[in-house]
Amino acid sequence: RSAFDTELKLPLWFWNMAGRLQWLFDSDRQLETKHRTVERAEQIVQELINEGEDCALVTHGFFMHTLIAEMKQHGFRLDKTRLKYQNGEAIVLKRDRV
């Protein structure tokens, strides 16, 4: 969602940066706050752990950073770390079974 309502024509990088900053600071202007994003990642990780089976997840690159961080907190190990992930890129995370 746009960072604010205006008729001004501003560059795309500005809108992307403003929206991400609002997300980072839990602004209600965004459809989902950072707090809610982290909760959603926690829920997914708990479901993965409870199922205890191998699986494949397909997600947006920006959400992937939050999901990977949450998985690492629960003992998952990552095969490679990047600042930016490419479309279609496979990331493998493994967790030692207890």
Side-chain angles (χ1 to χ4, degrees):
R1 193 166 148 186
S2 66
F4 52 88
D5 296 324
T6 182
E7 296 297 320
L8 290 174
K9 290 189 177 189
L10 297 168
L12 181 60
W13 66 264
F14 172 83
W15 292 113
N16 289 339
M17 182 183 67
R20 294 239 172 118
L21 285 172
Q22 285 182 332
W23 172 83
L24 184 63
F25 292 106
D26 288 328
S27 170
D28 290 335
R29 178 79 180 171
Q30 296 303 308
L31 297 176
E32 183 175 88
T33 63
K34 180 182 178 189
H35 180 77
R36 178 61 190 119
T37 302
V38 171
E39 284 179 344
R40 189 163 47 103
E42 289 173 359
Q43 181 181 5
I44 291 169
V45 172
Q46 284 303 317
E47 289 177 22
L48 292 172
I49 292 170
N50 292 341
E51 290 294 321
E53 297 180 13
D54 293 345
C55 72
L57 298 174
V58 178
T59 183
H60 185 276
F62 193 69
F63 178 68
M64 187 180 298
H65 289 282
T66 304
L67 185 59
I68 287 172
E70 188 61 33
M71 292 177 84
K72 287 168 91 175
Q73 287 183 7
H74 285 87
F76 286 84
R77 289 178 284 117
L78 181 63
D79 70 336
K80 55 187 165 185
T81 302
R82 298 241 171 94
L83 292 177
K84 184 176 179 183
Y85 296 99
Q86 300 299 317
N87 288 339
E89 183 176 3
I91 306 299
V92 178
L93 290 105
K94 295 181 181 182
R95 183 172 186 248
D96 294 329
R97 304 205 186 233
V98 204

Between the CD atom in Gln30 and the CZ atom in Arg20, the distance rounded to the nearest 0.5 Å is 10.5 Å
Answer whether the closest heavy-atom distance between the side chains of Ser27 and Phe25 falls below 4.5 Å. no
| said: Side chains of Glu42 and His74 only: does a donor on one sit below 3.5 Å from an acceptor on the other? | reply: no
- Message: Count I, L, V, M, F, W, Y as connected when their side-chain heavy atoms are under 4.5 Å apart, and connections chain through other members. Are Trp23 and Trp13 then in the same cluster?
- Response: yes
Across all chains, not counting sequence neighbours, the side chain to side chain donor-acceptor pair (under 3.5 Å) partners of Arg36 are none
Q.
Are Val38 and Phe76 connected into the same hydrophobic cluster when the rule is that any two of I, L, V, M, F, W, Y join if their side-chain heavy atoms are below 4.5 Å apart?
A. no
Next on the checklist: Before you tell me yes or no, could you show the steps for Arg95 and Ile49 under side-chain contact (heavy atoms from CB on, under 4.5 Å), namely the whole-Å CA-CA distance, both residues' side-chain angles and the distance that decides it to 0.1 Å?
Outcome noted: CA-CA 9 Å; Arg95 183 172 186 248; Ile49 292 170; 3.5 Å; yes
Taken in chain and number order and not counting sequence neighbours, the residues that satisfy side-chain contact (heavy atoms from CB on, under 4.5 Å) with Asn16 are Leu12
Sorted by chain and residue number, the side chain to side chain donor-acceptor pair (under 3.5 Å) partners of His60 (sequence neighbours excluded) come out as none
Could you tell me if the side chain of Leu8 sits less than 4.5 Å from the side chain of Phe14, heavy atoms only?
no
Nearest heavy-atom contact between Asp26 and Lys34 is OD1-N, 2.9 Å
Rounded to the nearest 0.5 Å, the OG1 atom of Thr59 sits from the CD1 atom of Ile68 at a distance of 9.0 Å
**Message:** Determine whether a donor-acceptor pair (N or O, by modelled atom type, separation under 3.5 Å) exists between the side chain of Thr37 and the backbone of Thr33.
**Reply:** yes
| query | Can you find a pair of side-chain heavy atoms, one from Met17 and one from Leu21, that are under 4.5 Å apart? | reply | yes
CZ (Arg40) and OG1 (Thr66) are apart, to the nearest 0.5 Å, by 8.5 Å
Discussion item. Are the side chains of Leu57 and Leu48 in contact, using a 4.5 Å heavy-atom criterion?
Written reply: yes
